[in-house]
Amino acid sequence: MLLFLTLSLVCLCVSLQDLGSEDLKREKISFVCQIVRVGRMELRDNNTKKLTSGLRRPFGVAVMDVTDIITGKMDDEDKQHFIPFQPVASENDFLQTVINKVIAAKEVNHKGQGLWVTLKLLPGDIHQIRKDFPHLVDRSTAVARKMGFPEIIMPGDVRNDIYVTLVQGDFDKGSKTTPKNVEVTMSVHDEDGKKLENVIFPGAGDEGILEYKSVIYYQVKQPRWFETIKVAIPIEDVNRSHLRFTFKHRSSQDCKDKSEKNFALSFVKLMRYDGTTLRDGEHDLIVYKAEAKKLEDSTMYLSLASTKPEMEERNPSSGKNTQNLGSFSISKDSFQISTLVCSTKLTQNVDLLGLLKWRSNTSLLQQNLRHLMKVEGGEVVKFLQDTLDALFNIMMENSDSETFDTLVFDALVFIIGLIADRKFHHFNPVLETYIRKHFSATLAYTKLTKVLKNYVENAEKLTEQLLKALKALEYIFKFIVRSRVLFNQLYENKGESDFMESLRNLFTSFNAMMNSNAEGTGGVKGAALKYVPTIVNDLKLVFDPKELSKLFSEFILKVPLGRLVKQKLNCMIDIVHSDLFTQHDCREILLPLMTEQLKLHLENHEELDSCCQLLSNILEVLYRKDVGPTQWHVQIIMEKLLRTVNRTVISMGRDSPLIVSVSLGHRAVPLGCAEFSDFLMETFIMFKDLIGKNVYPADWVIMNMMQNKVFLRAINQYAAVLSKKFLDQTNFELQLWNNYFHLAVAFLTQESLQLENFSSDKRAKIFHKYQDMRRQIGFEIRDMWYNLGPHKIKFIPEMVGPILEMTLVPEIELRKATIPIFFDMMQCEFHFRRCFQTFENEIITKLDHEVEGGRGDEQYKVLFQKILLEHCRKHKYLATSGETFVTLVVRLLERLLDYRTIMHDESKENRMSCTVNVLNFYKEIEREEMYIRYLYKLCDLHKECDNYTEAGYTLLLHAKLLKWSEEACAAHLTQRDGYQASTQCQLKDQLYQEIINYFDKGKMWEEAIILGKELAEQYENEMFDFEQLSALLRKQAQFYENIVKVIRPKPDYFAVGYYGMGFPSFLRNKMFICRGKEYERWEDFEARLLTQFPNAEKMKTTTPPSEDIRSSSGQYIQCFTVKPILELPPKFQNKPVSEQIVSFYTVNEVQKFQYSRPVRKGEKDPDNEFANMWIERTTYVTAYKLPGILRWFEVVSVSAEEISPLENAMETMQLTNEKISNMVQRHLNDSGLPINPLSMFLNGIVDPAVMGGFTNYEKAFFTEKYIQEHANDQEKIEKLKDLIAWQIPNLAEGVRIHGEKVTEALRPFHERLEVCFKQLKEKVEKQYGVRTLPPVSDEWRGSRPRSMVRSFTMPSSQRPLSVASVTSISSDNSPSRPGSDGPLRPQRPKSQVISLLGEKRLSVSPGSPANPSAPSVPPPITPRAKLQFSLLSGSSIMDKQHHLISCNEELMLHSSVLKTPSLFSSFFQHLPPPLPSKTPPPPPPKTTRKQTSIDSGIVQ
């Protein structure tokens, strides 16, 4: 690397050469400029004539971080970089100190001063750079070489530079009053004192100078210079030269300065006494004093010691200086320099020097050769050419003697091993260049061969030496071959036979060593196998390649069986990589050996990875076009190895990473092999494994397609053989044909052939070059199937899945060609078994898995239906059953495609609906295994949404499939790993436990108790597991307590209609009843619904949509609130039951729902709006009871009816009386209830000023006109009168309780209440007779206190009770859950059907009198669904509002009241005196009313 630098200011160009990889890795690299001022001592002095000039004084520095440029992160040769200038603070500041400060500082206050430079990193050496970048670097460009060696020192790169750095000194002031201004002058002299000219270079690009003068620091006792100078002395003058440093005080006054003389001297010789060069590093030089003239006389000081260590060496016994100093004296001053020698000719190692100058003292030659191997590697590689020349010169000049041969060989091995080291591996090109261009020892080959042969023959004794020699074997043979080539060029092939024989003998020695059983030779044998192949390419230049192949074959065969297998295989791999194997004649010899070895080791499963590598490499060579004819060689491999390879691949298993290493190029197989059936079986299995494991990455399209093309050709060849040889009854092989079909389908369905996954351009290119290989193999499969004839039945049902997988590939022609195979299968099974049930079961099972896995589409469904129906209708016996089957599969496909689409939907509700859609289908066709599979998918979805109730009901469907018996569990019944059960009884037990836990989490304790009772029966009477029974009963007791103590939120129910063709099929044009979440309002539910379908349009009315909307392509959603119809279990009817118990059934176990809205008929009566106020009531019946396995179910029937104004009045009075009775009962049982709700409720009834009371009924229905016009309503009118009469005793009890609990603040209000009630009572009893409540027995009142549960911890003694005299319509005759044939719990008795009056809507006791003589028992009150609208009458609205209030918790009462100000405005206006309480002020009266549905909020 070279850094090119241009100083823009002076247009100075310089290249910094020899930057290596280690330099580039440095954390920080800085470019540093030292700026020296040349002039007078002080810059501020003005009298220049009297002042000394030409002095070098410190001025400043400029530093730039060039790390990014050096590492290549920044590369812009045109960019100019500014290097800020940092001046010295004072002229006595050391430049090195300033440099260190600037490098450490983040910013420099340069005040706009600095240098502009351009820099660029150039790769290569100086010669290459001058060639590649002539515009930057030319002959005039200065070259600054690195202070040190480059990474590679090429032969011929001669360098002899010595870098001298003036470090520091310490000088006494002597007779002066201030420290001296010391200037150091450095010069180079020979031993005679003569100055060497032009050998000192202050910097790159400078001319050589005679002497160098240092920077002067003014009056500094200990100056620190750190100035580096290069000294370049001719090599022949170095041993005679020395560096001389003289010290002089420089005065600022010119007159004084002229009289100053050198006051001291130091020197150092460049060559040490032992002949080595001056050591690198720092040197503390002795400072000598003498007269100025004597200081210049080299003969007087050269005999003295130059450094303190040298002085100590001369006088080891005494610390004092005893040498004869003559006229010199040793000063107390000190001076330090450092040196660095960069020379390819001068060494600082005495052992290396002894070898390089071996002729000067041959007696030490053996010692020097041994010591060479102890020299530090860096020093050896610097002098690589000279060292190798010395070694081969020793060998050549002692050709008649063998004295030094072994030592020279070992030294050569040492050097080769040194270069093989990672530290010096970049010197490999140097060694190669030396062998090719500089090596000239023509007889070296004989001596090197002899020594190597000796080592091999004595491997047991010379193991260590042989191991080192083998590691260097490649280069040893390069020297041998080069030597022989040079010899042949010189002597024209003289001694050829001797040379050949010597190599044969060497290989014979190797063979003997490999075959020996000597201990301790295992390492060298392995090394021989590793390194002997490295000599092939060089050796074949001077040795017959065919004979060399034979020698290598013998060498391989000598390896002991079962030992060194991996090394032997790797050896053969290296031979295959050599030039030898590319020659046809050599392969004739080597290939049979290699195939035999491969066969042996593959059959023994030895080193399979190396075997695969060897086989692959052989085939790669054989498929090259430059290696001669190869067909016969491929045939050899096929005959010897193909079956062995097949068997090996099969035994390795599909997941083995080695499978991908086997090449597929050899699949053109001779068809006349013995045991062809077994061979085909093995090949099919292996092919399938190879197809399943991609050899190449998926984005290597061309390689994958080429591989598939080979596969296709081979499979088609095998198909022809199958049809020809293995189809008749005698030779038919079922497994062989089965393997063929599985292989062909695997090939067809592999990922790399699915063209639809590629871009359109890539797909077009592939199709143009390779066609659609799926279609080709698909047609072949079809033909092969039809060729089977009577054997087809043997492949049913096993082949149904693979054929289905093939037909699902989205290629229309392929589908058209292969779908008819299904009809052929149906026909075939029908022919043998008179039905095709096996085929049907298999295709349904496989279709589920395939579609869920992503295969199949709408086009496939249409094609399947069209093609199979055409075939079935033409068949005499399959017309009906076949059409039924096709319809069944198409229905399944519709559901599965919907399911797959919805499974990617974010809406879990849609996913649940779709899952139920599929599981119901499987239930319908009695596919229990698939049914259970989807039950668990649904259960998992519910658990994700915390729908524990629904999860419990879902699992219950699985439990209902099981019996309480010891019958073994079928595999499909235990699809979850969590269930450890061997019998149905055990599994059902585990399921019940889990379901009970889910019901507990969902607060469905009534359902949990039912299951618990069934489970307890088993524990007690069948399993006799009393421990489990006790735990279950404790849990059951807790459930009972929860029912009466824990207040459960009552969810609302919503009717949702999905209209338009834009919805999925399982929602399209259907209505559902949805169970809302806890405390979820209609607005929130609707918003959540519209979020699931952002493109849907909300319908504004509740009327059924038109046909246009239903058939439109859009999405329309209709949503409104509906009221569940209570279906009280028969066991609670006509019995005092806690309201907490009954309230559960108001929102659970419901299947019917009502939506009501007021409808006005006839002319409006301004005085009485109730006369023509009809109610339009719609009843929705769901497919199953809610809650169930979903939070919504489809509406299966809708019925609408109209309620006449009279019937409406009867319902309202009935509900009001029930409300009064319940509220009175609660207050009787719980004295702590607040009085405010009771106050408002009673006042709304007894005060006639509040919206008219029941006076409106009297005006509307009790008139002569109405009775004459509605003669048939007489009985209803009497019933209404009876209900009005029964209101009085209930009100009387309420007023009494109110009087007992009223506060003083409300006493005036109560008095007003009593006055109003008295007036009302007198009126009613006069007109409708007197009614009296039966007395409440002490037993009833005392034994079971009836109180309203208002907290989660209320004691059980305060349970509220209500009389539920109810006969409700039961829907037990319809299934209660989807996928079930009936209720999920034990069958309950059917409830009685209510007796209807008029339109048969009310349940009352017959013959209720309307006169004073009527019996004193109130008519039974039938709880009905609460009306969904406001009757605009005082009493009815108030009744309705209070009815709603009573159903809520205490915390909800006040808010409910305040939301309907019109109900209570008159109430506050008619209070006799103003009350001193915190009653809120009366809101303004409501003047206008709009007919709306309270539940839905939608304007009609």
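None of the values given here were measured: they were computed from a predicted structure. Index from 1, following the sequence.
Listed for the Lys525 side chain is a donor-acceptor partner under 3.5 Å among the backbone atoms of Ser516. No donor-acceptor distance shorter than 3.5 angstrom exists from the side chain of Thr442 to the backbone of Ser483, with no hydrogens or angles considered. Panel note: side chain Asp161, backbone Ala232; no donor-acceptor pair is recorded below 3.5 Å. At distances below 3.5 Å, at least one donor-acceptor pair connects side-chain atoms of Asp544 with backbone N or O atoms of Glu547. Side chain of Asn454 to backbone of Lys450: no donor-acceptor contact under 3.5 angstrom is found. At distances below 3.5 Å, at least one donor-acceptor pair connects side-chain atoms of Thr595 with backbone N or O atoms of Leu591. The backbone N or O of Thr582 lies less than 3.5 Å from no partner atom in the side chain of Arg624, so there is not a single donor-acceptor pair.
Taking 4.5 Å as the limit, every side-chain heavy atom of Leu270 sits out of range of all side-chain heavy atoms of Val341. Residues Phe552 and Leu593 fail the side-chain proximity criterion, which asks for heavy atoms closer than 4.5 Å. Side-chain contact between Leu590 and Ser553 is present, with at least one heavy-atom pair separated by less than 4.5 Å. In this structure the side chain of Leu569 reaches within 4.5 angstrom of the side chain of Met572, judged on heavy atoms. Side-chain contact between Ile637 and Leu615 is present, with heavy atoms from C-beta onward closer than 4.5 Å. The side-chain heavy atoms of Glu496 and Arg484, taken from C-beta on, include a pair separated by under 4.5 Å. Between Lys599 and Glu603, some side-chain heavy-atom pair lies under the 4.5 Å cut-off. Residues Ile476 and Phe409 meet the side-chain proximity criterion, which asks for heavy atoms closer than 4.5 Å.
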Could you check Leu443 against Met396 for side-chain contact (heavy atoms from CB on, under 4.5 Å), going step by step and ending with a plain yes or no?
CA-CA 7 Å; Leu443 293 176; Met396 295 299 291; 3.9 Å; yes

Intermediate values then yes/no, side-chain contact (heavy atoms from CB on, under 4.5 Å), His438 and Leu388:
CA-CA 10 Å; His438 301 276; Leu388 290 172; over 6 Å; no

If you apply the rule salt bridge (charged side-chain N to carboxylate O under 4.0 Å, His left out), what do you find for Glu457 with Lys453, and how did you get there?
CA-CA 6 Å; Glu457 289 175 345; Lys453 182 174 180 293; 2.2 Å; yes

When you look at Lys568 and Glu607, which way does the salt bridge (charged side-chain N to carboxylate O under 4.0 Å, His left out) test go after all the steps?
CA-CA 10 Å; Lys568 178 173 64 174; Glu607 301 297 339; over 6 Å; no

Salt bridge (charged side-chain N to carboxylate O under 4.0 Å, His left out) evaluation trace for Lys468 with Glu464:
CA-CA 6 Å; Lys468 291 179 181 177; Glu464 186 177 348; 3.8 Å; yes

Determine whether His633 and Glu588 satisfy the following criterion, side-chain contact (heavy atoms from CB on, under 4.5 Å), listing intermediate values before the conclusion.
CA-CA 8 Å; His633 296 154; Glu588 292 280 342; 3.1 Å; yes

Verify side-chain contact (heavy atoms from CB on, under 4.5 Å) between Leu431 and Lys478, making sure each step is shown before the conclusion.
CA-CA 10 Å; Leu431 185 57; Lys478 285 182 183 292; over 6 Å; no

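Across all non-hydrogen atoms, the minimal contact from Ile415 to Leu391 is CD1-CD1, 3.6 Å. In terms of heavy-atom proximity, Cys611 sits nearest to Leu602 at CB-CD2, 3.7 Å. In terms of heavy-atom proximity, Leu462 sits nearest to Tyr455 at CD1-CD2, 3.4 Å. Closest non-hydrogen pair, Ile573 versus Asn617, comes out as CG2-ND2, 3.3 Å. Summarising the geometry of Thr463 relative to Ala459, their closest heavy-atom pair is OG1-O, 2.7 Å, with the distance given to 0.1 Å. The nearest pair of heavy atoms linking Phe439 to Leu486 is O-CD1, 3.4 Å.
To the nearest 0.5 Å, atoms CG (Leu548) and SG (Cys586) are separated by 7.5 Å. To the nearest 0.5 angstrom, Phe477 atom CZ is 9.5 Å from Asp538 atom CG. The CZ atom of Phe133 sits 5.0 Å away from the CG atom of Leu122 when rounded to the nearest 0.5 Å. The CG atom of Leu614 lies 8.5 Å from the OG atom of Ser610; values are rounded to the nearest 0.5 Å. Taking CG of Leu600 as the start and CD of Glu596 as the end, the distance is 8.5 Å to the nearest 0.5 Å. Note that the CG atom of Asn488 and the NZ atom of Lys494 stand 12.0 Å from one another [nearest 0.5 Å].
Under the side chain to side chain contact (heavy atoms under 4.5 Å, CB included) test applied with Val536, the options Ser578, Ser549, Pro545 reduce to a single match, Ser578. Applying ring-ring contact (aromatic ring centres under 6.0 Å, His included) to Phe499 and the options Tyr445, Tyr491, Phe543, Phe487 leaves one that passes, Tyr445. Residue Val485 forms a side chain to side chain contact (heavy atoms under 4.5 Å, CB included) with just one option from Leu541, Val542, Leu490, and that option is Val542.
No more than 12 heavy atoms of other residues, nucleotides or ligands shown are found within 6.0 angstrom of CZ on Arg563. Within a 6.0 Å sphere centred on NZ of Lys471, heavy atoms belonging to other residues, nucleotides or ligands number 12 at most. Around the CD atom of Gln631, the shell of radius 6.0 Å holds no more than 12 heavy atoms that belong to other residues, nucleotides or ligands. In this structure, Lys558 places its NZ atom where only 12 or fewer heavy-atom neighbours from other residues, nucleotides or ligands lie under 6.0 Å away.
Taking Asp574 as the reference, nothing meets the salt bridge (charged side-chain N to carboxylate O under 4.0 Å, His left out) condition, with sequence neighbours excluded.
Using modelled atom types, one finds no donor on one side chain facing an acceptor on the other under 3.5 Å when comparing Asp609 with Gln613.
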